[in-house]
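Here's the structure, in structure tokens; my notes come after.
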Amino acid sequence: PARVKIKKLLASEASEQQANVKGWVRTKRGGKPVFFIALNDGSTINNIQIVADPEIISENIIKDITTGAALSVIGKVVASKGAGQSVEILAENIEVIGKADAEKYPLQPKKHSMEFMREKAHLRMRSSTFSAIFRIRHSLAFAIHQFFHEKGFYNLHTPIITANDAEGAGETFHVTNFDLDKIPMTDDGKVDYKKDFFGKETNLTVSGQLEGELSAMALGEIYTFGPTFRAENSNTTRHLAEFWMVEPEMAFYDLNDNMALAEEMLKYVVKYALENCQDDLDFLAKRADDEDKQKPQNERQEMGLMERLKFILENDFEKVSYTDAIEILRNSKPNKKKKFNYIIEGWGADLQSEHERFLVEKHFKKPVILFDYPKDIKAFYMRQNDDDKTVGAMDILFPGIGEIVGGSQREERLDKLTQRMKEMDIPEDELWWYLDTRKFGTAPHSGFGLGFERLMLFVTGMGNIRDVIPFPRTPDNAEF
Ligand code: ATP
Ligand code: MG
Ligand code: MG
Ligand code: MG
């Protein structure tokens, strides 16, 4: 018989016909008169139960059926008496395709810590938790593409290697093909980048935005969805050195249009996950809620995972100016023993995720869009407001996460833009191509960046960003 995926088989009726499944052993139990194998092929959180009779399957084969081994099983598809599954397979033939030494295979069936699983990142996708996470990752990426496609946006690939630091945060990774033992120097003792591959200093992109703007000013509405790189020196549960960003950029959108699009997109993808990833989400919700119960009271989530997902769908996002948010934070007295024990420095300071979560979870009890931030804590390209102090920026804040989206209306006025660049010591000749969009046919435009792994954290209820990307890149970690 032809191979059938376990997800499809589990959704079918007991046919009493032969089927072939291939996958990896999760557990084996029983012995006489029959033993049971839970087999998984990655297509679903659920395992298919294989019932095997030692009178039919030889002893030699049975001994090699251990957790982690790869099997091909042929047998009859029959109704299952076990709870939670409609069918099982009565094995007629089992082939052990690849053995997994029970002494050495690390993922024995027991509860492993997340730290342990990170050390085994090359195998951890074989576990229920991580396979569920990465199926959801696929679905969310698909939903994002579908959302923008339905709206008529074009997916444009912006470059990975660039010569700009869009955010100006100085967190770039350099790119060079110099032989590091023989770096050419100029007469005045500087690295001679003219001799480097691109003839100038280059880095891995921290954001596709600037190139995205060029594209939007030609194609109207575009988005880029690619890897971005930041040499973050902070070791947090929210930052990676390599993360994926969804960056739409739209001509003729003001800040309000931008906020509306971001809210619609976030609702669309969360709804998509609830409708299309039910089994995986149920599994992860139980896991997240169980984990949460283990934590001290002041570290627990305000809501369970499913509740948090529905919270996004059921609430209009609350729009609050940065200035109002600072007032709220100053007037609400943080309690030393309680969860939101924060210090707020006052107008002008950037918010920490503690502050952001307080606004969402305690104060407004709604997802929050903060807008009009002080210009001094934001990048040069944001549109300056008439008050001369703030820019048309917006951050979207989610429960349990804090900032999930950062965006702005872009400064489309050449004189204002170049004046701001001068104030911030950004040489015009480095961004001449960017300034050309303002010189020729400039127009209001806006865009935002959604951190894809922040969205993953939110949807899966995982607590650490290292656990929602297959191969995390963090300080001192590029093993796999
Ligand atoms: P944060 O304040 O959390 O450091 P940011 O304001 O520096 O984020 P932006 O430059 O606004 O980040 O980037 C857009 C989005 O990308 C953020 O809203 C966030 O979702 C995500 N993001 C930023 N830095 C990282 C990172 N190091 N790892 C994962 N996601 C990130
Ligand atoms: Mg940052
Ligand atoms: Mg920020
Ligand atoms: Mg930001």
Side-chain angles (χ1 to χ4, degrees), residues 137 140 144 158 162 164-173 204-210 212-213 223-249 255 258-259 262-263 265-266 269 317 322 325 349-357 359-360 367-382 390-410 446-460 462-475 477:
R137 191 175 164 107
L140 290 178
I144 285 164
T158 48
T162 71
N164 72 75
D165 172 4
E167 296 304 305
E171 294 172 335
T172 55
F173 286 102
L204 296 177
T205 186
V206 295
S207 157
Q209 183 198 313
L210 302 190
E213 284 185 55
Y223 69 105
T224 177
F225 184 176
T228 51
F229 307 86
R230 296 186 188 181
E232 305 268 6
N233 50 26
S234 57
N235 233 321
T236 75
T237 56
R238 299 273 175 278
H239 293 88
L240 290 162
E242 177 177 305
F243 65 100
W244 287 67
M245 207 166 12
V246 180
E247 294 179 276
E249 194 67 40
L255 191 63
N258 199 18
M259 293 181 192
E263 179 170 346
M265 178 199 69
L266 288 164
V269 298
F317 294 12
Y322 167 89
D350 205 356
L351 301 186
Q352 306 299 312
S353 74
E354 285 272 278
H355 308 129
E356 297 171 337
R357 290 186 53 190
L359 293 169
V360 173
V368 169
I369 310 185
L370 281 192
F371 62 93
D372 287 354
Y373 278 73
K375 68 175 179 185
D376 290 336
I377 55 171
K378 290 293 183 184
F380 75 96
Y381 51 70
M382 297 192 181
T390 61
V391 286
M394 62 120 178
D395 277 13
I396 301 189
L397 318 178
F398 266 25
I401 303 288
E403 177 180 344
I404 191 163
V405 160
S408 64
Q409 180 166 350
R410 318 307 188 189
S446 299
F448 62 83
L450 162 71
F452 187 56
E453 286 76 19
R454 299 263 174 104
L455 175 69
M456 279 292 297
L457 278 177
F458 178 70
V459 173
T460 60
M462 298 300 290
N464 191 317
I465 202 160
R466 292 163 174 77
D467 299 328
V468 296
I469 187 166
F471 305 103
R473 294 288 171 265
T474 52
N477 182 12

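Whatever order the structure lists ligands and atoms in, that order sets their numbers, starting from 1. Sequential numbering from 1 along the given sequence is applied to the chain's residues. Atom set for the values below is all heavy atoms of this structure, side chains included, hydrogens, waters and symmetry mates excluded.
At distances below 3.5 Å, not a single donor-acceptor pair connects side-chain atoms of Glu242 with backbone N or O atoms of Arg473. Within the 3.5 Å criterion, the main-chain N or O of Leu370 finds no donor-acceptor partner in the side chain of Asp395. Under the 3.5 Å distance criterion, the side-chain polar atoms of Thr228 are matched with a main-chain donor or acceptor of Phe243.
Listed by number with element, the atoms of ligand 1 under 4.0 angstrom from any heavy atom of Met245 are 13 (O), 14 (C), 15 (C), 16 (O). Residue Arg238 approaches ligand 1 through these ligand atoms, each under 4.0 Å from one of its heavy atoms: 28 (N), 29 (C). Below 4.0 Å from some heavy atom of Gly449 lie the following atoms of ligand 1, by number and element: 14 (C), 15 (C). Applying the 4.0 Å criterion to heavy atoms of Ile465 picks out, from ligand 1, the atoms 29 (C).
Side-chain contact annotation: Tyr381 with Gln209, donor-acceptor N/O pair under 3.5 Å present.
Under the ring pair (Phe, Tyr, Trp, His ring centres under 6.0 Å) rule, Phe452 has a single partner from Tyr223, Trp244, Phe225, which is Phe225. Checked against Glu453 for a salt bridge (Lys or Arg N to Asp or Glu O under 4.0 Å), the options Arg466, Arg137, Arg238 give a single hit: Arg137.
On a distance-only criterion, Gly451 and ligand 1 share at least one N/O pair closer than 3.5 Å. Close N/O approach between Leu450 and ligand 1 is not found [any backbone or side-chain N/O within under 3.5 Å].
In this structure, Glu453 does not count as a contact residue of ligand 1, since none of its heavy atoms falls inside 4.0 Å of the ligand. Ligand 1 lies nowhere less than 4.0 angstrom from a heavy atom belonging to Val206.
Under 4.0 Å from ligand 1, not a single heavy atom of Asp350 appears. Within the 4.0 Å heavy-atom criterion, the part of Ile404 lying near ligand 1 is the backbone and not the side chain. Of the heavy atoms in His239, both backbone and side-chain atoms come closer than 4.0 Å to ligand 1.
Considering only non-hydrogen atoms, atom 13 (O) of ligand 1 lies nearest to Arg230 out of Arg230, Glu167, Gln209.
With hydrogens left out, the protein atom closest to atom 28 (N) of ligand 1 is Leu240 N, 2.9 Å, a heavy atom. The protein heavy-atom contact nearest to atom 29 (C) of ligand 1 is Phe243 CG, 3.4 Å. Ranking protein heavy atoms by distance to atom 18 (O) of ligand 1, first place goes to Glu403 OE2, 2.8 Å. Protein heavy atom at the shortest distance from atom 27 (N) of ligand 1 is Glu232 OE2, 2.7 Å. Of all protein heavy atoms, the one lying nearest to atom 19 (C) of ligand 1 is Arg454 NH1, 3.4 Å.
Taking the ring centroids of Phe458 and Phe398, they lie under the 6.0 Å cut-off.
Between atom CZ of residue Arg230 and atom CG of residue Leu240 there is a gap of 11.5 Å, rounded to the nearest 0.5 Å. The distance from the OG1 atom of Thr390 to the OH atom of Tyr322 is 11.0 Å, given to the nearest 0.5 Å.
Counting all heavy atoms, side chain and backbone alike, Gly449 lies closest to Met245 at CA-SD, 4.0 Å. Across Val468 and Thr460, no two heavy atoms sit closer than the pair CG1-OG1, 3.7 Å.
The N, O or S atom of Glu403 lying closest to the Mg ion (ligand 4) is OE2.
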